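For reference, the structure is listed below as structure tokens.
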Amino acid sequence: MTIAPLRHHARAAWSDSRLLYALEEVVETELNRHLKIAKEWMPHEYVPWSEGRDFDGIMGGEAWAPEQSKVTDIGRTALVVNLLTEDNLPSYHHEIAQLFGRDGAWGTWVHRWTAEEGRHGIVMRDYLLTSRAVDPVALERFRMAHMSEGFESDNRHSMLHSVAYVAFQELATRISHRNTGKHSGDPVCDRMLARIAADENLHMVFYRNLLGKAFELAPDQTMSAVRDVVVNFRMPGHGIPGFERAAAQMAIGGIYNLRIHHDDVLQPVLRFLKVLEITGLGPDGLQAQEELGAFMAGLDDQATKFDERRAALLARRAARAEQA
């Protein structure tokens, strides 16, 4: 059963419970589509096990050293951030299970998404340790520190805000994984992260299509939620120790920065849903739409300035390297 949207003259706020019920049908449709096209893959097939050897400690093996790593410096930084983000899966599952529930199509999706995301963490950790791409002691200490802090979503107060957030965040994660692979310097790593990125893209499509249906049901509320999420967007790994420094390195290294965020994450979702072209909004929705458009224009200007600073910085680095 689908609940028809209220007419403009009688538009009232939708509660989370009413929206969950109204969207159940489209969740089931999107879930079935996802299960039909998602490809099974095995994490162990993407790990170079033959390269593995014992570390120091109780096994009496060889201690890790930076020169053992095949990945680039920026690749190593991004891989740690990406894995630590995946490591917080228990907290993410708790958040979405509370918001979306554990019953019906919503519950089936929550558990399926969690299982697929868990596979990402498994293969990344196995690759990093087997290939000696990162310091295993530092990695475990980071994991303990990060998970001990817990995680609370910026959007846990609203189901609509949460759906809007993950529609963008899943695409952001896909882009981050894909670019990390390209800049890693290791074809094995690139292949692994391309496989993970394919999953993240399917997750994005699920939430993007759900967000599109939300616009049909509650256009004003959904527009306000999208405005809020876009303006205040933060990656889920923002609580990782040293995240700001790592994020700055990743921005300069071309993994994820303002230009990528604007062009490859925000714009594709907004353009696909034609968010800035929606008509018939009430006063609140229209204001949110105008503020969203203004923010995107300002972000584009910021991204252009960042591009100029980044190009100058890289030019100076290249000049110093040539002189050396």
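Predicted, not measured: the structure shown is a model, and the values here were computed from it.
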Return yes when atom CG of Asp54 has more than 12 non-hydrogen atoms of other residues, nucleotides or ligands closer than 6.0 Å, and no otherwise. yes
Distance to the ring centre below 6.0 angstrom and angle to the axis at most 45 degrees; does that hold for Arg208 and Phe272? yes
Do Ile240 and Met147 land in one hydrophobic cluster if side-chain heavy atoms of ILVMFWY residues count as linked below 4.5 Å? no
Tell me, do Ser131 and Glu51 make a side-chain contact under 4.5 Å, heavy atoms counted? yes
Within a 6.0 Å radius of atom CD on Glu28, are there more than 12 heavy atoms belonging to other residues, nucleotides or ligands? no
Pair Trp109 and Phe206, ring centroids less than 6.0 Å apart: yes
Common cluster, Val229/Leu258, ILVMFWY with side-chain heavy-atom separation under 4.5 Å: yes
Do the charged groups of Arg125 and Asp87 touch, with an N to O distance under 4.0 Å? yes
Under a 4.5 Å cut-off applied to non-hydrogen side-chain atoms, are Leu31 and Trp106 in contact? no
I'd like to check Arg174 versus His203 (side-chain heavy atoms, cut-off strictly below 4.5 Å). Are they in contact? no
Pairwise distance CG(Asn82) to NE2(His177) - rounded to 0.5 angstrom: 5.0 Å
Test of ring centre spacing under 6.0 Å for Tyr165 and Tyr207: no
In terms of relative ring orientation, are His261 and Tyr256 parallel, tilted or perpendicular, with 30° and 60° separating the classes? tilted
So for atom CZ, which belongs to Arg320, do other residues, nucleotides or ligands contribute more than 12 heavy atoms lying within a distance under 6.0 Å? yes
Check the pair Glu30 / Arg33 against salt bridge (charged side-chain N to carboxylate O under 4.0 Å, His left out), numbers first and verdict last. CA-CA 5 Å; Glu30 290 301 315; Arg33 179 197 56 78; 2.8 Å; yes
Leu193 and Ser184, any side-chain heavy atoms less than 4.5 Å apart: no
Evaluate the side-chain proximity of Asp199 to Arg119: yes if any heavy-atom separation is below 4.5 Å, no if none is. yes
Should the pair Asp307-Arg310 be classified as a salt bridge under the 4.0 Å nitrogen-to-oxygen rule? no
Intermediate values then yes/no, side chain to side chain contact (heavy atoms under 4.5 Å, CB included), Ser176 and Ile255: CA-CA 6 Å; Ser176 180; Ile255 304 293; 4.1 Å; yes
Do we see a donor-acceptor contact under 3.5 Å between the side chains of Thr304 and Arg259? yes
Are Asp228 and His161 close enough that a side-chain donor and a side-chain acceptor fall under 3.5 Å? yes
Do you know the tightest heavy-atom contact between Glu116 and His34? OE2-NE2, 2.9 Å
Are Asp56 and Glu62 packed together at the side-chain level, in the sense that at least one heavy-atom pair is separated by less than 4.5 angstrom? no
Salt bridge (charged side-chain N to carboxylate O under 4.0 Å, His left out) with Asp190: which of Lys70, Arg178, Arg195? Arg178
Of the non-hydrogen atoms in Ala22 and Leu217, which two are nearest, and what is the gap between them? CB-CD1, 3.8 Å
Do you know the tightest heavy-atom contact between Thr180 and Ala78? OG1-CB, 3.4 Å
Do Leu171 and Glu200 come within less than 4.5 Å of each other through their side chains, counting heavy atoms only? no
Between the side chains of Glu95 and Ser91, is a donor N or O closer than 3.5 angstrom to an acceptor N or O? no
